Amino acid sequence: MTAPLVDIRQLRCHFKSGANLLAAVDGINLQITAGEVLGLVGESGSGKSTLGRMIAGLQSRSAGKIYIDGKDMPHSYRRHDYREMATQVQMVFQDSYASLNPRMTILASLQEPLWSLGIHGQAARDKAAYWLDRVGLPQSAGERYPHELSGGQRQRIGIARAFITEPKLVICDEPVSALDVSVQAQIINLLQELQREHNTAMLFIAHDLAVVRFLATRTAVMYLGEIVEIGPTAAVFEAPRHPYTVRLLAAHLDGNPKGRILNKSLPAQTIANRAPLATDRGCRFAPRCHMAELACCDTPPWLQPSRVRTEAACHRLVDIEILRSRA
Ligand SMILES: Nc1ncnc2c1ncn2[C@@H]1O[C@H](COP(=O)(O)OP(=O)(O)OP(=O)(O)O)[C@@H](O)[C@H]1O
Ligand code: SF4
Ligand SMILES: [Mg+2]
């Protein structure tokens with residue numbers, strides 16, 4: 001079996017919140033294979049961005065290990081670590097405006113990641129010109145500043161900046177949710193084309209389940225800092241096992257799980273009312289779970305593999321299977 005490109009072990013990110021420790025990411029184990037697209041879904045505050053930012057080295061971790069291409073990544077990065085990181089992991093952000101320097105022309109912004117790799121002058125300009133064209137923008141756009149471009153055009157630049165260093169992994173954090181619906185599909189198609197062209201692994205974080213279902217080969221579901229279900233995208237969407245995944249999908253599906261997925265966020269009543277604390281015990285979904293029993297409040301469930309299905313972290317998977325078979 002080939003080693004995964006990204007191997008995450010017991011990763012934690014705890015933030016201090018008054019007297020408490022808030023567990024934004026709490027003991028995650030995850031592997032991403034070279035060239036695969038892993039979708040990451042879960043409601044607001046579940047820790048998706050924090051996890052993505054830790055993998056990209058933009059957020060320090062409280063504990064755990066991150067191996068990229070077999071290398072044990074440091075807890076905090078020095079200058080030369082960032083240089084190496086540029087060829088390993090890049091990020092596409094939701095807010096393309098904030099990710100570009102407003103005082104730099106687009107051409108300079110495109111070259112910036114190359115400068116840190118020691119690529120300067122004509123070589124950098126040529127690469128930037130190639131990528132302007134590759135993401136569908138005219139060369140004249142290179143002379144403009146970020147505020148002179150539309151949101152969709154700026155996101156194309158964000159994508160070009162992510163791919164220009166030929167990283168092995170691109171993390172996309174809600175890359176289309178701030179864009180007009182009319183340009184969302186174009187940007188998704190562009191990401192898919194580039195991912196396939198360069199065989200780049202992608203961690204795709206999104207609220208829009210339809211997009212994840214379209215793009216991702218595997219999908220992971222996060223709930224309050226933990227992965228509660230993970231598996232092939234078709235299995236997660238068509239035969240979810242964890243009660244939270246079922247609820248999440250139901251909130252997005254139009255009655256029939258195989259039917260059209262509505263592009264809307266979770267209704268307000270399904271949003272968790274408080275962030276998890278590092279001292280919490282048992283299953284974090286228990287206060288909202290219709291299947292909860294006493295053991296759920298005491299013992300944390302762990303991801304249980306299945307040969308044919310997804311891995312799910314729930315004590316009552318056997319009961320769920322029985323109920324499903326009777327339905
Ligand atoms: N710098 C920080 N300081 C304190 N708490 C933070 C910080 N960053 C994130 N958090 C908290 O960590 C939790 C996870 O946040 P995160 O942004 O990772 O969630 P998310 O799943 O990306 O949400 P969304 O879907 O809204 O983007 C939240 O409770 C958030 O308030
Ligand atoms: S472990 Fe218990 S509370 Fe948690 S999802 Fe499963 S049944 Fe529900
Ligand atoms: Mg986020």
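What you are looking at is a predicted structure, and each value in this text was computed from that prediction instead of being measured. Atoms within each ligand, like the ligands themselves, are counted from 1 in listed order.
- Relative ring orientation between Y145 and H147 is described as parallel, the plane-to-plane angle staying below 30° on a 0-90° scale split at 30° and 60°.
- Summarising the geometry, atom CE belonging to M291 is positioned 8.5 Å from atom SG belonging to C296; distances are rounded to the nearest 0.5 Å.
- Summary of contacts: the protein heavy atom closest to atom 1 (S) of ligand 2 is H315 N, 3.3 Å.
- Below 4.0 Å from some heavy atom of A292 lie the following atoms of ligand 2, by number and element: 3 (S).
- Under the 4.0 angstrom criterion for non-hydrogen atoms, S46 is in contact with ligand 1.
- In this structure, Y223 and Y244 have tilted ring planes: the angle between them lies in the 30° to 60° band.
- Any N or O atom pair closer than 3.5 Å counts here, and G47 shares at least one such pair with ligand 1.
- The aromatic rings of W115 and H120 sit parallel to each other, their planes meeting at less than 30°, with 60° as the upper class boundary.
- Looking at ligand 1, you'll find an N or O of G45 within less than 3.5 Å of one of its N or O atoms.
- Protein heavy atom at the shortest distance from atom 2 (Fe) of ligand 2 is C296 SG, 2.3 Å.
- Judged by the shortest distance from any of its heavy atoms, H242 lies inside the 4.0 Å radius around the atoms of ligand 2.
- Within the sub-2.8 Å shell of the Mg ion (ligand 3), the protein contributes these N/O/S atoms: S49 OG.
- Remark: R12 does not engage E226 in a salt bridge, criterion side-chain N to carboxylate O under 4.0 Å.
- Across every non-hydrogen atom of I157 and L110, the tightest pair is O-CD2, 4.0 Å.
- Classification of the F163-H198 ring pair by plane angle, with boundaries at 30° and 60°, yields tilted.
- Scanning the protein for heavy atoms near atom 4 (Fe) of ligand 2, the closest one is C283 SG, 2.3 Å.
- Note on R284 versus D26: salt bridge recorded, some NZ/NE/NH1/NH2 to OD/OE distance being below 4.0 Å.
- Among all protein heavy atoms, the one lying closest to atom 6 (Fe) of ligand 2 is C314 SG, 2.3 Å.
- Atom numbering of ligand 2 starts at 1 in the shown order; those under 4.0 Å from a heavy atom of M291 are 7 (S).
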>> Set out, in order, the CA-CA distance, both residues' side-chain angles and the distance that settles salt bridge (Lys or Arg N to Asp or Glu O under 4.0 Å) for E229 and R241, then state yes or no.
In response: CA-CA 8 Å; E229 186 154 10; R241 299 167 84 206; 5.5 Å; no

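- Among T50, L40, V25, the residue whose heavy atom lies nearest to atom 16 (P) of ligand 1 is T50.
- Within the structure, the closest approach of R53 to ligand 1 does not fall below 4.0 Å when heavy atoms are considered.
- Sparse packing is recorded around CZ of R196, with 12 or fewer heavy atoms of other residues, nucleotides or ligands lying under 6.0 Å away.
- Ion pair R213/E238 flagged as a salt bridge, since at least one NZ, NE, NH1 or NH2 atom sits closer than 4.0 Å to an Asp/Glu carboxylate oxygen.
- Those atoms of ligand 2 with a heavy atom of A286 less than 4.0 angstrom away are 3 (S).
- Heavy-atom proximity to P243, at under 4.0 Å, picks out these atoms of ligand 2: 5 (S).
- Annotation: atom 8 (Fe) of ligand 2 to nearest protein heavy atom, C289 SG, 2.3 Å.
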> L11 and L51: side chain to side chain contact (heavy atoms under 4.5 Å, CB included), yes or no, with the steps?
Replying inline: CA-CA 8 Å; L11 194 60; L51 175 60; 3.7 Å; yes

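- In this structure, Q90 and A162 approach most closely via the heavy-atom pair CG-O, 3.2 Å.
- When the heavy-atom distances from atom 25 (O) of ligand 1 to K48, M222, E43 are ranked, the shortest goes to K48.
- Comment: K127 engages E166 in a salt bridge, judged by a side-chain N to carboxylate O separation of less than 4.0 angstrom.
- Checking G225, S49, S177 against atom 22 (O) of ligand 1, the nearest heavy atom belongs to S49.
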